[in-house]
**Q** 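For reference, the structure I am asking about is given below.
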Amino acid sequence: MTTHRTRMLIIGSGPAGLSAAIYGARAGMEPIVVQGLEPGGQLTITTDVENYPGFRDVIQGPWLMQEMQAQAESVGTRMIWDTVVSVDLSGPIFTAVGDGGDTYEGDTLVIATGAQAKWLGVPGEEALSGKGVSACATCDGFFFRGKKVVVIGGGNTAVEEALYLTNHSDDVTLIHRRDSLRAEKILQDRLFAHPNITVVWNKRVESFHAGEDGALASLALIDTQTDERSDIATESAFVAIGHAPATELFKGKLDMDGGGYLDVEAGTPKTAIPGVFACGDVMDHTYRQAVTAAGTGCMAALDAERYLAEREFAEKSKVAAE
């Protein structure tokens with residue numbers, strides 16, 4: 001078993017974690033990134049990326065994350081392929097233990113473990129992911145402009161996705177398994193008032209089906225009251241039943257909101273524990289974009305650098321006074 005020591009320990013290797021690493025490394029903090037179960041984060045399972053600044057043409061998600069990692073390594077980041085199974089945030093040194101028994105120690109800790117979209121778990125969903133089935137209208141809605149689109153869900157996320165998709169489509173259908181929505185009333189009012197949105201009540205998706213070209217062509221539905229089966233033709237379906245932040249490690253150790261997202265000081269990545277920072281989708285339940293994750297990763301690194309500088313100055317002042 002090995003102990004790895006650094007001034008900045010980063011858990012997670014998506015856009016937030018790697019951006020923190022780039023800024024931390026450039027500040028001479030020699031960060032360590034523990035990559036986790038999904039190195040590169042959600043973008044490694046995203047094919048076309050069309051909205052990341054700096055690229056006029058469509059780029060591939062895995063390629064973008066490879067480039068981010070290469071940049072982080074080129075300025076002094078150490079990447080370690082391991083999965084953290086426990087953390088000690090009692091300080092002043094923050095400790096994480098990997099599943100192989102290695103220990104990671106950091107003067108500061110940046111949490112960038114991300115979040116995962118919740119899926120229905122029905123036949124065809126996984127196979128057609130990226131081929132018409134998505135969990136992010138902001139990311140993928142543009143690819144289906146002018147086409148019929150379907151949104152599945154009944155909460156704020158689903159209603160917001162449906163409203164957003166009207167920017168690209170004149171035919172948006174929201175499918176909900178109940179006869180009323182859980183979304184906030186103001187969102188419901190906007191939804192029901194929109195002429196291009198149709199709501200299908202009391203239906204659940206039984207399966208997704210491909211056409212001859214291998215892309216999504218239709219959804220099989222079951223009526224939740226009568227068990228009657230039906231189909232709806234569509235080239236795109238957005239599953240909008242929420243996200244699950246990867247915060248299990250920090251339960252009972254850091255404050256979280258009702259959805260399990262880490263609480264941070266407003267406008268910053270600072271948690272309630274000085275020296276511990278959270279960035280990206282693990283603390284952002286509103287935007288959930290690669291570019292916003294990268295931005296908060298930058299903020300976490302800058303705040304970590306300031307935290308250490310202030311702590312070291314206070315320690316030197318205390319020694320001088322003695």
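Below, all heavy atoms of this structure are taken into account, side chains as well, without hydrogens, waters or symmetry copies.
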**Q** With a 4.5 Å heavy-atom cut-off, do V205 and R177 have their side chains touching?
**A** no

**Q** Answer with yes or no whether the hydrophobic clustering places L308 together with V75; edges join I, L, V, M, F, W, Y residues whose side-chain heavy atoms lie under 4.5 Å apart.
**A** no

**Q** Could you check if a side-chain atom of F94 sits within less than 4.5 angstrom of a side-chain atom of E105, using non-hydrogen atoms only?
**A** no

**Q** What class does the angle between the rings of Y52 and F55 fall in, given that below 30° is parallel, 30 to 60° is tilted and above 60° is perpendicular?
**A**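 Tilted.
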
**Q** Quick one: do L249 and F277 end up in the same hydrophobic cluster if we chain Ile, Leu, Val, Met, Phe, Trp and Tyr together by side-chain heavy atoms under 4.5 Å apart?
**A**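 Unlinked, L249 and F277 end up in two clusters.
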
**Q** Applying a strict under-4.5 Å side-chain criterion to I, L, V, M, F, W and Y, I'd like to know whether L18 and W63 cluster together.
**A**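 Hydrophobic grouping puts L18 with W63.
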
**Q** Please lay out, stage by stage, how N51 and F142 fare under the test side-chain contact (heavy atoms from CB on, under 4.5 Å).
**A** CA-CA 10 Å; N51 56 5; F142 182 77; over 6 Å; no

**Q** Quick one: pull up CD in Q188 and CG in N156 and give me the separation to the nearest 0.5 Å.
**A** 9.0 Å

**Q** Does any non-hydrogen side-chain atom of M256 lie less than 4.5 Å from one of K251?
**A** yes

**Q** Around F250, counting heavy atoms of other residues, nucleotides and ligands shown, do more than 12 lie under 6.0 Å from its CZ?
**A**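 It does: F250 CZ has more than 12 such atoms within range.
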
**Q** For residues V282 and A246, report the shortest heavy-atom separation together with the two atoms involved.
**A**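 The answer is CG2-O, 3.9 Å.
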
**Q** How close do I32 and H4 get, heavy atom to heavy atom, and via which atoms?
**A** CD1-CB, 3.7 Å

**Q** Membership question, hydrophobic clusters at under 4.5 Å side-chain separation (ILVMFWY): are Y307 and L109 in the same one?
**A** no

**Q** Is the CH2 atom of W119 crowded by more than 12 outside heavy atoms at less than 6.0 Å?
**A**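 Enclosed: over 12 neighbouring heavy atoms sit under 6.0 Å from CH2 of W119.
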
**Q** Near R190 CZ, under 6.0 Å, is it more than 12 heavy atoms from other residues, nucleotides or ligands?
**A** no

**Q** The test is side-chain contact (heavy atoms from CB on, under 4.5 Å); show your working for F208 and V239 and say whether it passes.
**A** CA-CA 11 Å; F208 297 83; V239 180; 4.2 Å; yes

**Q** Indicate the atoms forming the closest heavy-atom contact of A162 with I197, along with that distance.
**A** O-CD1, 3.9 Å

**Q** Using the rule given for side-chain contact (heavy atoms from CB on, under 4.5 Å), can you reason through E184 versus V159, listing the C-alpha separation, both sets of side-chain angles and the distance that settles it, and then say yes or no?
**A** CA-CA 9 Å; E184 296 172 359; V159 174; over 6 Å; no

**Q** Is there side-chain contact between Q289 and C139, with at least one heavy-atom pair below 4.5 Å?
**A**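 Yes - at least one pair of side-chain heavy atoms lies under 4.5 Å apart.
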
**Q** Any side-chain heavy atom of L221 within less than 4.5 Å of one from D223?
**A**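 SC-SC contact between L221 and D223 ruled out.
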
**Q** In this structure, which one of I111, L254, L262, D257 forms a side chain to side chain contact (heavy atoms under 4.5 Å, CB included) with T247?
**A**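 In the set I111, L254, L262, D257, the residue that makes a side chain to side chain contact (heavy atoms under 4.5 Å, CB included) with T247 is L262.
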
**Q** If you draw a 6.0 Å radius around CZ in R26, do more than 12 non-hydrogen atoms from other residues or ligands fall strictly inside?
**A** no

**Q** Check this for me: does any side-chain nitrogen of one of K253 and D88 sit under 4.0 Å from a carboxylate oxygen of the other?
**A**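 Result for this pair is no, no salt bridge flagged.
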
**Q** Which value, rounded to the nearest 0.5 Å, describes the distance between I241 atom CD1 and R182 atom CZ?
**A** 9.0 Å

**Q** If I compare all heavy atoms of A16 with all of C279, which pair ends up nearest, and what's the gap?
**A**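 Answer, listing the atom of A16 first, then C279: CB-SG, 3.8 Å.
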
**Q** Take Q71 and E67 through the test side-chain contact (heavy atoms from CB on, under 4.5 Å) and record every step on the way to the result.
**A** CA-CA 6 Å; Q71 183 179 5; E67 291 297 300; over 6 Å; no

**Q** Quick one: CE on M29 to CD on E305, what's the gap to the nearest 0.5 Å?
**A** 6.5 Å

**Q** With a 4.5 Å cut-off on side-chain heavy atoms, are L187 and L181 touching?
**A** no

**Q** Indicate the atoms forming the closest heavy-atom contact of G100 with M1, along with that distance.
**A** O-SD, 3.1 Å

**Q** Hey, quick one: are I10 and M65 part of the same hydrophobic cluster, counting side-chain heavy atoms closer than 4.5 Å, chains of contacts allowed?
**A**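 Hydrophobic grouping puts I10 with M65.
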
**Q** Flag the pair R288 and D284 as a salt bridge only when some basic side-chain nitrogen lies within less than 4.0 angstrom of an acidic carboxylate oxygen.
**A**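 Looking at D284 together with R288, the answer is no, because their closest N to O distance does not fall below 4.0 Å.
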
**Q** Tell me, do I11 and V110 make a side-chain contact under 4.5 Å, heavy atoms counted?
**A**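 Side-chain contact under 4.5 Å: no.
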
**Q** Ignoring hydrogens, what is the shortest heavy-atom contact between V33 and T77? Give both atom names and the distance.
**A** CG2-CG2, 3.7 Å

**Q** Does any non-hydrogen side-chain atom of V85 lie less than 4.5 Å from one of D99?
**A**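 They are in contact (side-chain heavy atoms under 4.5 Å apart), so the answer is yes.
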
**Q** Find the distance between NZ (K203) and CG (D179) and round it off to the nearest 0.5 Å.
**A**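 One finds 11.5 Å between NZ of K203 and CG of D179.
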
